[in-house]
Number of protein chains: 2
Amino acid sequence: MSDQASRATMRDVAALAGVSIKTVSRVVNTEPGVADAVRARVQEAVDRLDYRHHLGASNLRRGGGRSGLIGALLQDVSNSFSAALLRSLEDAARDRGTAILSASLDEEPDRERSLVHDLVTRRVDGLVLMPSTDRQDYLASEVRAGLPVVFVDREPRGVAADSVTVENFEGAQMGVEHLLAQGHRRIACLTDLAEIYTARDRRDGYVAAFRARGIRPDDQLSVLGLRGPAAAEAAVTHLLDLAKPPTAIFAGRNDLTQGAVRALQRRGLSQSVAIVGFDDFPLADLVTPALTVVRQDVGRIGRLTADLLMARLDGDTSPPQRVVVEPTLVVRGSGEIPPA
Amino acid sequence: MSDQASRATMRDVAALAGVSIKTVSRVVNTEPGVADAVRARVQEAVDRLDYRHHLGASNLRRGGGRSGLIGALLQDVSNSFSAALLRSLEDAARDRGTAILSASLDEEPDRERSLVHDLVTRRVDGLVLMPSTDRQDYLASEVRAGLPVVFVDREPRGVAADSVTVENFEGAQMGVEHLLAQGHRRIACLTDLAEIYTARDRRDGYVAAFRARGIRPDDQLSVLGLRGPAAAEAAVTHLLDLAKPPTAIFAGRNDLTQGAVRALQRRGLSQSVAIVGFDDFPLADLVTPALTVVRQDVGRIGRLTADLLMARLDGDTSPPQRVVVEPTLVVRGSGEIPPA
DNA sequence: TTGTATGCGTTATCAG
DNA sequence: CTGATAACGCATACAA
């Protein structure tokens with residue numbers, strides 16, 4: 001009927017049904033204490049006017065100020081890890097009628113701060129954060145004000161909050177030891193900026209694996225600050241051109257693994273240079289040779305994160321928890337290539 | 001300080017600063033007409049109390065009822081296509097200070113209806129929908145009430161709305177013709193339920209490619225209703241056991257391609273059975289042989305979708321647009337294997 | 001069983 | 001420049 005009319009309100013419905021606004025409220029919220037005849041009349045008016053409940057207004061008036069919203073600030077919702085995490089959160093939130101506001105941080109600290117501010121402004125009931133900042137002191141006031149925050153993949157610094165992380169150090173050490181055990185000594189190490197929590201830990205794990213055997217890695221073979229597959233591909237290509245090229249590669253994140261594999265394939269070396277990657281990804285088993293990886297169970301991480309947050313939403317005020325998930329080595333072939 | 005206190009409101013700030021609530025409002029919204037000294041005093045009170053603006057209340061009072069929210073109902077935010085789409089939307093929305101509520105439909109019609117209802121209840125300003133329903137008549141009242149809706153990947157039925165889709169029929173025909181041109185005749189066709197818009201079109205394109213050459217595909221080689229990689233893997237394994245197995249495979253969606261490849265690898269047939277998949281995905285070039293696919297440019301689709309929605313949000317009331325994107329054939333190897 | 005008055009946190013209006 | 005008052009759409013307390 002109407003053209004660009006705004007939505008009908010309870011008042012409109014009340015007028016059409018010839019009842020008070022409060023009665024409409026009762027019908028809409030399926031509260032008891034309304035005569036069937038009246039209920040039917042109101043319902044009809046609701047249908048006629050295409051009335052839709054206004055959750056925002058409702059929540060405003062209701063005490064507690066719950067919005068039924070949670071925020072999820074992840075690294076990049078289009079990468080498989082963040083995406084799988086988001087999906088886990090969604091599944092956990094669905095039953096509670098909670099919706100999810102998601103956004104990507106791309107490792108940009110400013111974006112994190114501005115997005116957190118935006119979410120607070122929208123009065124999210126809780127927040128899942130995979131931080132891009134080094135420290136999160138700025139969150140203290142929000143936490144103090146009662147905002148439940150759960151960190152994923154990286155531990156909080158400067159603020160007390162729950163976290164679900166992976167044993168990056170141990171995982172990396174395990175992956176690199178797997179290569180060392182087969183006789184590799186010239187093992188390249190690809191990681192992102194040392195400022196990034198996980199990248200630093202994994203790099204340290206790489207070094208520790210050597211140390212445990214009383215040896216040291218060649219510094220020339222460590223490349224830091226790699227921001228994506230293209231950078232990893234270029235770095236590996238360069239390493240292969242060295243006088244003494246690496247016989248194996250440890251890649252500190254799945255996108256770097258992908259870039260490294262691409263470089264090896266272009267050089268026809270995928271069957272002769274071993275590679276172990278941190279973080280599994282779809283199709284890692286279909287590459288030739290199938291990729292040996294240190295796997296972090298994303299589904300589990302997501303579920304644990306959701307559980308922690310939901311418990312907080314339900315009023316759990318126990319001290320912050322640090323949940324740490326152990327990664328596992330998935331042997332598929334690429335990591336079992338012997339040194340030349 | 002406080003323990004589980006609720007957020008400070010403008011009233012609290014006003015009291016602490018010794019001004020009226022309206023003055024606080026002016027400062028918070030950086031409106032002109034406030035003396036610098038007063039502004040500073042208010043700002044200090046804001047900081048002291050950790051006051052945060054309440055966007056919901058603000059929007060309620062402001063006319064128009066804009067929430068600064070858009071909803072994105074996609075097939076599954078954890079699959080690469082939906083995830084990339086979500087990211088495109090996010091990038092487009094960021095500049096406008098618009099946040100995104102995302103959810104996965106998993107091809108479940110009921111979930112679509114209930115989630116749309118939920119989003120309307122939250123007063124999203126616009127909606128991006130990759131429908132799981134066959135018809136969307138139920139959306140008519142929302143559209144009439146002024147909710148801008150843009151369909152992605154699948155065209156609307158029963159409601160007038162913008163859409164961005166891919167030429168599924170032509171794309172499938174192109175992919176299958178590519179196989180036919182190399183002499184393949186026993187070409188398997190893997191698709192999801194015929195009820196699904198894209199699946200049906202792609203299946204039709206497969207048949208059309210044969211027809212164009214005056215021949216007919218063997219019905220035995222068409223498998224419908226495949227709901228994921230595992231189903232595709234099982235189906236292909238079964239097909240390979242036929243007396244006259246297929247010499248090539250056309251897979252109607254990227255997850256089905258993955259399942260099919262897995263089946264071929266397990267049988268050691270990946271170098272002897274050709275395969276062309278619909279929809280590219282990360283790492284398709286790293287599989288051996290690299291996968292020949294019909295690619296739909298997700299970034300472009302996402303941008304077009306966002307552009308359409310944003311234009312509507314900005315008041316564009318022109319008739320609904322149907323934007324159709326042409327897929328391209330990406331030749332990489334798997335589709336160029338000749339028949340035995 | 002139904003309705004009236006009041007307030008959630010904010011902004012618009014208009015007066016001081 | 002600043003503030004009192006009403007109102008956004010709805011729910012709670014309390015009457016009737």
Side-chain angles (χ1 to χ4, degrees), chain A residues 5-43 45-46 49-69 120-125 145-146, chain B residues 5-43 45-46 49-69 120-125 145-146:
Chain A
S6 51
R7 286 270 180 201
T9 71
M10 275 194 178
R11 202 204 319 281
D12 303 323
V13 176
L16 181 59
V19 298
S20 85
I21 188 176
K22 174 64 215 186
T23 300
V24 177
S25 173
R26 277 196 257 266
V27 173
V28 167
N29 293 309
T30 55
E31 284 172 19
V34 179
D36 286 350
V38 177
R39 190 179 294 276
R41 214 163 67 238
V42 170
Q43 192 55 55
V46 163
L49 295 177
D50 285 332
Y51 168 80
R52 297 289 180 275
H53 196 67
H54 190 310
L55 200 61
S58 173
N59 285 332
L60 183 58
R61 175 61 232 225
R62 276 187 225 265
R66 268 214 173 349
S67 63
L69 279 176
V120 170
T121 259
R122 292 181 190 278
R123 290 298 186 274
V124 291
D125 296 334
Chain B
S6 51
R7 287 267 179 204
T9 72
M10 276 192 177
R11 201 204 318 282
D12 303 322
V13 176
L16 181 59
V19 298
S20 87
I21 187 177
K22 174 65 211 184
T23 299
V24 177
S25 173
R26 277 196 259 264
V27 173
V28 167
N29 292 308
T30 56
E31 283 174 19
V34 180
D36 285 351
V38 177
R39 189 180 295 275
R41 213 163 70 238
V42 170
Q43 191 56 54
V46 163
L49 295 176
D50 286 333
Y51 168 79
R52 297 290 180 276
H53 195 186
H54 191 311
L55 199 61
S58 174
N59 285 332
L60 181 59
R61 177 59 235 224
R62 276 188 224 267
R66 268 217 175 344
S67 62
L69 279 176
V120 169
T121 258
R122 304 190 119 95
R123 292 296 187 273
V124 292
D125 296 333

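For the numbers below, each heavy atom of this structure counts, side chains included, while hydrogens, waters and symmetry mates do not. The sequence lines fix the lettering, A, B, ..., with proteins before strands; numbering per chain opens at 1.
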Taking every non-hydrogen atom, the tightest pair across Val42(B) and Val24(B): CG1-CA, 4.2 Å

Mapping Arg11(A) and Arg26(A) onto DNA chain D by nearest heavy atom, which one lands closer to the 5' end? Arg11(A)

Interatomic distance, Met10(A) CE vs dG9(D) P [rounded to whole Å]: 12 Å

Between His54(B) (NE2) and dT10(C) (C1'), how many Å, whole number? 9 Å

For Ser20(B) and dA4(D), is the shortest distance between a side-chain N/O and OP1 or OP2 below 4.0 Å? no

Give the rounded distance in Å between these two atoms: CD of Glu31(A) and P of dT1(C). 13 Å

Figure out the CZ/C1' separation between Arg7(B) and dT10(C), and round it to whole Å. 16 Å

On DNA chain D, nearest-nucleotide positions of Ala57(B) versus Thr23(B): which is more 5'? Thr23(B)

Check the distance between dT12(D)'s C1' and Asn29(A)'s CG and give it to me in whole angstrom. 12 Å

Rounded off to whole Å, could you give me the CG-to-C1' distance for the Asp36(B) and dT2(D) pair? 15 Å

Considering all heavy atoms of both residues, which atom of Glu31(B) and which atom of Arg39(B) are nearest to each other, and what is their separation? O-NH2, 3.0 Å

Is there a donor on the side chain of Arg61(B) or the base of dT11(C) sitting less than 3.5 Å from an acceptor on the other? yes

How close or far is atom P of dG7(C) from atom CD1 of Ile21(A), stated in whole angstroms? 16 Å

On the nucleotide dA11(D), are OP1 or OP2 found under 4.0 Å from the side-chain N or O atoms that His53(A) carries? yes

Find the distance Lys22(B):NZ to dA7(D):P and express it as a whole number of Å. 16 Å

When every non-hydrogen atom of Ala45(B) is compared with those of Ala17(B), the smallest separation belongs to CB-CB, 4.0 Å

With a 3.5 Å distance limit and no angle check, can you tell me whether Arg7(A) reaches the backbone of Asp50(A) through a side-chain donor-acceptor pair? yes

Minimum-distance nucleotide to Leu60(B) side chain [options: dG3(C), dT11(C), dG9(C)]: dG9(C)

If you look at every strand shown and take non-hydrogen atoms under 4.0 Å, does Val38(A) touch a base, only sugar-phosphate, or nothing? sugar-phosphate

Polar side-chain atom of Asp125(A) near backbone of Ser67(A) as donor-acceptor pair, under 3.5 Å: yes

Between Ser25(A) and dA11(D), does any side-chain N or O lie under 4.0 Å from OP1 or OP2? yes

